[in-house]
Amino acid sequence: MGRLMATAPCTAFGGVVEGSGERVGQALLHERVGFLAQLSHELTRSLVASRWDEASLDVLAAGVDGRGEPLPSKGWMAVRRLNWARNAVPAAGVYVSDRVRRAAEEYAARTLRLALHRRALLAAVLATWPVDPFRRTGAEWTALRTLLPTDASNAEIRNRTRQICAHLAERGKLPAGLCELEEPPEIAAQVLLAAMDRQQVTLERMDAGLARLRVRLPPCTYGCRITCRPVPVSRARSGCWPRPSPGTRRSIPMSRSGARWRVAKPGRC
């Protein structure tokens, strides 16, 4: 019996203040989580915007720091190694702990690293720009396939071609690169708890359908209970894994969380 791991959507329905035992309702919990998520959003957005240029993406793509040492796989550590963390500046008078900064820096690093794939695909399309972008010849397809990333799909090629055509029609020239073609990516109001240590957050699985999340929220420390819905067996067999879904009016998106959940699956993984 093998096991697969996927991300299951979780909803926080209440919390408890550690020490006093005071129960925290959903409304106040949403307020505290919302403040933390918005703070992380602002820090991440400022950091990504400050490094949305071809030179910074070149450095990230090279995978080494100024001393020639490989960058860490953890995003927040790579950001600090490159001395980019100073670009994430909170609002005046707002104190941000190091653990919250880690989450924002991790989110920024993942966003920039994801852009590297789009950048490589765009560079290949631009380098082999055809006479008729919507009717490439066999030779033009061969040249393009030679430069494309190995996992590039036809849909990505089509979408990038349309994007470049729109830019060409508007400005009369091909874009120099991704940062000219696109604005900095949109940043969601979310917190990457995985970048924090156990003093900030812990997750304990209680039983088959319940987990308990302990996370420090401003201004106190709340132990928040989270209900986790495991992946149905039918989905596990088909390989379709759920992703965190948007909340309803009563359960706003900022109160949602993603937790890794193991489910049994016959055969090898």
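Atoms considered below: every heavy atom in the structure, side chains included; atoms not considered: hydrogens, waters and symmetry mates. Index from 1, following the sequence.
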With a 4.0 Å cut-off on N to O distance, would you call Glu106 and Arg110 a salt bridge? yes

Following the transitive rule for hydrophobic clusters with a side-chain heavy-atom cut-off under 4.5 Å over Ile, Leu, Val, Met, Phe, Trp and Tyr, establish whether Ile164 and Leu148 coincide in one cluster. yes

Would you check if the side chain of Gln200 reaches a backbone N or O of Arg99 as a donor-acceptor pair within less than 3.5 Å? no

Is it true that Leu192 and Val79 fall in one hydrophobic cluster, defined by side-chain heavy atoms closer than 4.5 Å? yes

Under the side chain to side chain donor-acceptor pair (under 3.5 Å) rule, what pairs show up with a residue in residues 58-70, not counting sequence neighbours? Asp58-Arg119, Asp65-Arg81

For the residue pair Val48 and Pro185, establish whether any side-chain heavy-atom pair is separated by less than 4.5 Å. yes

CG (Leu121) and CG (Asp151) are apart, to the nearest 0.5 Å, by 9.0 Å

What's the shortest heavy-atom distance between Ala37 and Ala189, and which atoms? CB-O, 3.6 Å

Is any side-chain heavy atom of Val59 closer than 4.5 Å to a side-chain heavy atom of Leu82? yes

For Glu54 versus Cys179, what's the shortest heavy-atom pair and its separation? OE2-N, 3.0 Å

Are any of the side-chain heavy atoms of Arg101 and Pro90 separated by less than 4.5 Å? yes

Would you sort out whether Leu60 and Arg113 count as a side chain to side chain contact (heavy atoms under 4.5 Å, CB included), showing the intermediate values? CA-CA 7 Å; Leu60 200 58; Arg113 281 174 167 169; 3.8 Å; yes

OG (Ser50) and CH2 (Trp84) are apart, to the nearest 0.5 Å, by 8.5 Å

I'd like to know if the side chain of Glu105 reaches the main chain of Gly75, judged simply by a donor and an acceptor atom lying under 3.5 Å from each other, with no hydrogens or angles considered. no

Is there a path from Leu168 to Leu122 through hydrophobic residues (I, L, V, M, F, W, Y) whose side chains come within less than 4.5 Å of each other? yes

What one should report as the nearest heavy-atom pair of Ala152 and Arg145 is O-NH1, 4.5 Å

Count I, L, V, M, F, W, Y as connected when their side-chain heavy atoms are under 4.5 Å apart, and connections chain through other members. Are Ile157 and Leu114 then in the same cluster? no

Measure the CZ-SG distance between Arg160 and Cys165 for me, rounded to the nearest 0.5 Å. 13.0 Å

In chain order, what residues pass the salt bridge (Lys or Arg N to Asp or Glu O under 4.0 Å) check against Arg45, with sequence neighbours excluded? none

Strictly distance-based, threshold 3.5 Å: is any side-chain N or O of Thr202 a donor or acceptor partner for the main-chain N or O of Arg198? no

May I have the step-by-step check of side chain to side chain contact (heavy atoms under 4.5 Å, CB included) for Arg171 and Glu180, ending in yes or no? CA-CA 11 Å; Arg171 305 193 182 183; Glu180 181 182 340; 4.1 Å; yes

Check: Tyr107 and Leu47 side chains under 4.5 Å, non-hydrogen atoms: no

Side chain to side chain contact (heavy atoms under 4.5 Å, CB included) for Asn87 and Arg51? Distances and angles first, verdict last. CA-CA 9 Å; Asn87 297 115; Arg51 291 298 167 179; 3.4 Å; yes

Report whether Ile187 and Val96 are members of the same hydrophobic cluster (ILVMFWY, side-chain heavy atoms less than 4.5 Å apart, transitive linking). no

Hey, does the side chain of Glu140 reach the backbone of Thr137 with a donor-acceptor pair shorter than 3.5 angstrom? yes

So, do Gln190 and Thr44 sit near enough that their side-chain heavy atoms are less than 4.5 Å apart? no

Under 3.5 Å, is there a donor-acceptor pair between the side chain of Gln38 and the main chain of Gly34? no

Decide, yes or no, whether a salt bridge links Asp132 with Arg136 under the criterion of side-chain N to carboxylate O below 4.0 Å. no

If you round to the nearest 0.5 Å, how far is CG of Leu28 from CD of Glu31? 5.5 Å

Identify the heavy atoms of Ser46 and Ala88 that sit nearest to each other, and give their distance. OG-CA, 3.6 Å

Nearest heavy atoms of Ala85 and Arg80, plus distance in Å: CB-CG, 4.2 Å

Answer yes when Arg118 and Glu182 have at least one side-chain N-carboxylate O distance shorter than 4.0 Å, and no when they do not. yes

Looking at side-chain heavy atoms only, is the closest gap between Pro133 and Trp129 below 4.5 Å? yes

Looking at His167 and Lys173, would you say the former's side chain and the latter's main chain have a donor-acceptor pair under 3.5 Å? yes

Does a side-chain heavy-atom distance below 4.5 Å link Leu29 with Arg32? no

Rounded distance (nearest 0.5 Å) linking atom CG of Leu174 with atom CG of Leu181: 10.0 Å

Would you please test Asp197 and Arg102 for side chain to side chain contact (heavy atoms under 4.5 Å, CB included) and show each step? CA-CA 10 Å; Asp197 60 21; Arg102 283 188 202 176; 4.0 Å; yes

Please tell me if the side chains of Val89 and Glu42 come closer than 4.5 Å, counting only heavy atoms from C-beta onward. no

Gap separating the CH2 atom of Trp52 from the CG atom of Leu178, nearest 0.5 angstrom: 4.0 Å

